[in-house]
Amino acid sequence: MDEENRENKLEENALSFWQLVFYAIVIMFPATAFAITGSTAMAYAGPVAPLSFLVAGIILLFAIVAVYYYTIYVANAGGYYKFVEVSVRNPYLSKTIGLMQFLYYISVMWFTSILSGWLLWTGFETMFNISIPLWLVILVSLAGPLGFLLVGYRKISLSGNLAIAVGALEIAIFAVIGILLIIKTPYNSLSYFDVSNSWGGFSGFFAAVVVGGFLTYSGYGSIVMYGEEAKTPHSTLKKAIVTAAVIIIIYETFLLYSVVAAAGPTLSTGLQFFAPGFYYTRIYLGMTYLAVAFIVVLFDQIMAPVFNGNQAARIVFALARDRVIPENLSKVHKKFRSPYLAVLLVTILTLIGVVLLIALSVYYYGIDYGLFVAWVIPGTILSVIWMIYHVVVNETLPVMMKKIGKLNAIMHIALPTLACVFLIIALYYSVQGIAWPVSISFIILAVWIIASIIYIRFKKDQFKMEELKLKDLP
């Protein structure tokens with residue numbers, strides 16, 4: 001391969017099956033049911049929150065169908081927007097999805113970075129009655145993106161090895177804590193899997209499914225951006241996605257059961273604490289276990305931008321290679337084969353966004369509410385975008401399968417459409433009751449989409465478009 005062609009060629013065969021599996025797992029954050037999203041499910045469904053996560057997992061398997069089939073035929077750093085492009089070949093649709101993916105992953109970087117600072121602030125204030133200075137909150141919030149700069153610049157295999165180490169550590173530690181809680185509690189029961197015990201009735205249970213469990217699993221498809229770097233991607237990616245999903249569904253359901261079983265009839269008391277999992281760890285296991293649990297969650301939260309940043313960089317890389325954004329951003333490092341200029345851009349945008357979001361939110365709303373607003377705004381943006389582009393991906397799958405001549409009404413139309421129904425319901429519940437200033441998320445997203453369409457209108461003739469090469473299909 002000549003040097004010119006190598007300038008935008010990522011390293012091939014760099015990520016193994018288990019590296020991909022654990023990469024998807026760490027993106028889904030195994031301890032989230034214990035520390036963060038499980039609280040949302042409990043608030044809606046009460047003691048049957050574990051059932052909500054199990055049902056959400058079953059729904060997830062429907063949502064995986066489209067991604068599963070796309071990865072058989074498309075292996076591209078552009079991920080979802082390339083799925084759409086090979087099906088529809090419409091620059092307005094595919095490149096708009098691509099630009100939405102870009103905003104999604106930048107929002108993910110802001111969200112995960114600021115959440116680590118908020119977790120430090122809230123955790124120390126709530127659990128240890130210690131007030132952390134704002135400068136330390138900001139420093140912790142910047143640690144993740146700076147870590148990404150160091151890791152993302154190097155070979156992608158380094159990130160894969162880190163994913164295995166961090167994911168295995170997190171799973172092991174919280175599995176031990178969950179088992180100990182189950183052993184010590186007198187409230188073990190199968191009633192936590194009886195939907196009639198939902199505090200909010202069926203509607204409350206379903207709300208827990210979509211805004212608790214289902215959104216917890218939203219990172220399952222993150223590894224599709226490694227299509228050009230995975231070993232035998234057309235067979236490995238689909239297996240890795242399914243394996244990671246099954247592991248995390250079982251694990252999160254078990255972990256949430258351990259918390260509600262520990263709570264028993266006192267769950268409403270635990271929900272007054274910012275994370276019931278931490279509350280009952282302190283009650284049953286003591287401060288040492290609480291400190292260990294908190295440190296692991298905080299460390300993993302700080303690591304979240306390190307792992308998410310690689311997806312963001314590959315979206316930048318793919319868009320640049322397609323000439324949607326400056327083409328120089330598609331250059332890769334001669335030694336590490338990483339999209340180093342894209343990594344640098346993502347890091348800069350993340351650092352600027354984190355500082356501005358925290359500064360403006362704290363200035364207008366004070367530290368307590370301001371830090372909350374600072375991560376909820378990008379969190380809302382990414383949640384809405386994720387649901388939108390998954391609906392588009394699901395509904396364009398039949399077009400591609402028809403081109404290939406393998407269209408199946410159940411697998412390629414019915415199941416992806418059923419997943420879309422749940423996604424739309426999830427979107428509905430996600431935006432209910434959102435008020436100012438968090439509602440500014442919808443203004444930002446609307447402006448972004450409109451600006452993207454206008455931009456594409458004037459630049460589309462310069463773009464590269466992906467083709468589905470039938471002769472190369474597996």
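- Considering every non-hydrogen atom in both Ser157 and Leu15, the closest pair reads CA-CD2, 4.3 Å.
- The side-chain heavy atoms of Tyr81 and Val84, taken from C-beta on, include no pair separated by under 4.5 Å.
- A 4.5 Å side-chain heavy-atom check between Leu256 and Leu54 finds every atom pair outside the cut-off.
- With Thr185 contributing its side chain and Ala261 its backbone, the two residues share a donor-acceptor pair below 3.5 Å.
- Contact between Gly213 and Ala56 at its shortest, heavy atoms only, is C-CB, 3.5 Å.
- Proximity of a side-chain donor or acceptor of Ser52 to a complementary backbone N or O of Ala49 within less than 3.5 Å is detected.
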* To do: Let me see the working for Tyr257 and Ile182 under side-chain contact (heavy atoms from CB on, under 4.5 Å), right down to the final yes or no.
  => CA-CA 8 Å; Tyr257 171 84; Ile182 291 172; 3.8 Å; yes
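- Aromatic pair Tyr226/Tyr23: centroids less than 6.0 angstrom apart.
- Side-chain contact between Phe128 and Leu290 is present, with at least one heavy-atom pair separated by less than 4.5 Å.
- In this structure, Trp386 contributes its side chain and Ser218 its backbone to a donor-acceptor pair below 3.5 Å.
- Of the possible donor and acceptor atoms, none in the side chain of Thr126 sits under 3.5 Å from a partner among the backbone N and O of Gly123.
- In this structure, the side chain of Asn76 engages the main chain of Gly78 through a donor-acceptor pair within 3.5 Å.
- Looking only at distances, a side-chain donor or acceptor of Tyr284 sits under 3.5 Å from a matching main-chain atom of Ala262.
- How far CZ of Phe174 is from OG1 of Thr32: 10.5 Å, rounded to the nearest 0.5 Å.
- Using modelled atom types, one finds a donor on one side chain and an acceptor on the other under 3.5 Å when comparing Tyr280 with Thr266.
- Using the six-membered ring where Trp is involved, Trp375 and Phe372 have ring planes that are perpendicular, over 60° apart on the 30 and 60° scheme.
- Contact record, Val343 with Ala313: CG2-CB, 3.9 Å, taken as the closest heavy-atom pair.
- Using cut-offs of 30° and 60° for the angle between ring planes, the Tyr340 and His333 rings count as perpendicular.
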* What do the steps show when you test Val362 against Tyr369 for side-chain contact (heavy atoms from CB on, under 4.5 Å), and what is the final call? -> CA-CA 8 Å; Val362 170; Tyr369 186 56; over 6 Å; no
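- A side-chain donor-acceptor contact under 3.5 Å links Gln19 to the backbone of Ser16.
- The nearest pair of heavy atoms linking Ser452 to Trp448 is OG-O, 2.7 Å.
- Put simply, the side chain of Ser113 reaches to within 4.5 Å of the side chain of Thr350, judged on heavy atoms.
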* Asked: Would Gln301 and Leu119 count as a side-chain contact (heavy atoms from CB on, under 4.5 Å) if you check the C-alpha gap in whole Å, the side-chain angles of each, and the deciding distance to 0.1 Å?
  -> CA-CA 9 Å; Gln301 186 60 54; Leu119 189 62; 4.3 Å; yes
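- A side-chain donor from one of Thr37 and Thr216 sits under 3.5 Å from a side-chain acceptor of the other.
- Atom CG of residue Leu120 and atom CG of residue Leu139 lie 10.0 Å apart, to the nearest 0.5 angstrom.
- Atoms CD1 and OG1, on Ile449 and Thr96 in that order, are 8.0 Å from each other to the nearest 0.5 Å.
- For Phe62 and Phe422, the gap between ring centers reaches or exceeds 6.0 Å.
- For Asn310 and Ser159, the side-chain atoms include at least one donor-acceptor pair closer than 3.5 Å.
- With contacts defined as side-chain heavy-atom distances shorter than 4.5 Å, the pair Phe273/Met127 qualifies.
- Of the listed residues (Val137, Ile130, Leu136), just one forms a side chain to side chain contact (heavy atoms under 4.5 Å, CB included) with Phe124, and that residue is Ile130.
- The shortest non-hydrogen separation linking Ala275 to Ser39 is CA-OG, 3.9 Å.
- Taking the six-membered ring for Trp and the full ring otherwise, the centers of Tyr217 and Tyr220 sit at least 6.0 Å from each other.
- Using a 4.0 Å cut-off between a side-chain N of Lys or Arg and a carboxylate O of Asp or Glu, Glu228 and Arg321 qualify as a salt bridge.
- Distance alone, capped at 3.5 Å, is enough to place a donor-acceptor pair between the Thr236 side chain and the Lys231 backbone.
- Closest approach of Met109 to Asn308, counting heavy atoms only: SD-C, 3.9 Å.
- Between Thr71 and Phe83, the closest side-chain pair of non-hydrogen atoms falls below 4.5 Å.
- A donor atom on one side chain and an acceptor atom on the other are not found under 3.5 Å apart for Tyr80 and Tyr70.
- Rounding to the nearest 0.5 Å gives a distance of 9.5 Å between OG of Ser441 and CH2 of Trp436.
- With hydrogens and angles ignored, the 3.5 Å screen pairs no side-chain donor or acceptor of Glu11 with any backbone N or O of Ser338.
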